[in-house]
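A quick write-up on the structure given underneath.
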Amino acid sequence: MEEVKNTQIKIFEERQVRTIWDKEKEEWYFSVVDVIAVLTDSPNPRNYWKVLKHRLLEDEGSQVVTNCNQFKMMAADGKMRPTDCMTI
């Protein structure tokens, strides 16, 4: 896939959710960790996602995680880091 450069920050309930536009598929992808932070108010949304992924894959055999794509997005430290993303 060609490098995707169109990124935006969406605001939901006064919290930021990182997004990225995939030109090839013509779809917006949302950072899973950011969405979890908004929906759960978890103090550690990365750990929440890590545990949830494990449970979905190992315990339930869910294919949800295989539908995740990793895109590089700006992290809190200002560096571009791979982040699990999903469409709606």
Side-chain angles (χ1 to χ4, degrees):
M1 174 168 36
E2 75 178 57
E3 187 175 333
V4 182
K5 294 188 179 191
N6 190 358
T7 61
Q8 291 185 358
I9 300 291
K10 307 287 187 198
I11 305 297
F12 181 79
E13 293 187 4
E14 300 180 13
R15 298 184 70 182
Q16 294 184 352
V17 176
R18 294 170 292 165
T19 62
I20 193 162
W21 176 252
D22 183 341
K23 292 179 193 176
E24 230 175 73
K25 294 183 180 178
E26 296 185 351
E27 292 182 307
W28 281 105
Y29 283 80
F30 297 82
S31 165
V32 175
V33 172
D34 293 354
V35 171
I36 286 173
V38 169
L39 296 177
T40 66
D41 284 327
S42 171
N44 189 342
R46 281 188 210 294
N47 191 53
Y48 189 104
W49 176 233
K50 183 177 110 179
V51 171
L52 181 59
K53 275 197 305 190
H54 177 74
R55 287 181 182 159
L56 287 171
L57 279 172
E58 300 297 323
D59 300 343
E60 298 180 21
S62 175
Q63 297 299 313
V64 170
V65 178
T66 60
N67 293 334
C68 283
N69 291 303
Q70 282 206 334
F71 293 105
K72 286 189 175 182
M73 294 183 154
M74 187 71 66
D77 63 3
K79 295 182 180 179
M80 297 295 283
R81 301 193 187 278
T83 303
D84 285 343
C85 298
M86 295 182 84
T87 62
I88 293 178

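- A side chain to side chain contact (heavy atoms under 4.5 Å, CB included) with F71 holds for exactly one of C85, S31, P82; it is C85.
- Taken together through direct or relayed side-chain contacts under 4.5 Å among Ile, Leu, Val, Met, Phe, Trp and Tyr, V51 and L57 form parts of separate hydrophobic clusters.
- A heavy-atom distance below 4.5 Å is not found between the side chains of N44 and K50.
- Every salt bridge (Lys or Arg N to Asp or Glu O under 4.0 Å) that K53 has, sequence neighbours left out, goes to D84.
- Atoms CE and CE, on M80 and M74 in that order, are 5.5 Å from each other to the nearest 0.5 Å.
- In this view, R46 satisfies the salt bridge (Lys or Arg N to Asp or Glu O under 4.0 Å) rule with no residue, not counting sequence neighbours.
- When all heavy atoms are compared, the tightest approach of R15 to A37 is NH1-O, 2.9 Å.
- One finds the CH2 atom of W28 at 8.5 Å from the CD1 atom of I20 (value rounded to the nearest 0.5 Å).
- The distance from atom OG1 of T83 to atom CG of D34, rounded to the nearest 0.5 Å, is 7.5 Å.
- Distance check: N69 CG to E27 CD gives 9.0 Å after rounding to the nearest 0.5 Å.
- In this structure, the separation between CG on D22 and OG1 on T87 is 10.0 Å, given to the nearest 0.5 Å.
- Within a 6.0 Å sphere centred on CZ of R55, other residues, nucleotides and ligands contribute 12 heavy atoms or fewer.
- Side-chain atoms of M86 and N67, non-hydrogen and from C-beta on, do get closer than 4.5 Å to each other.
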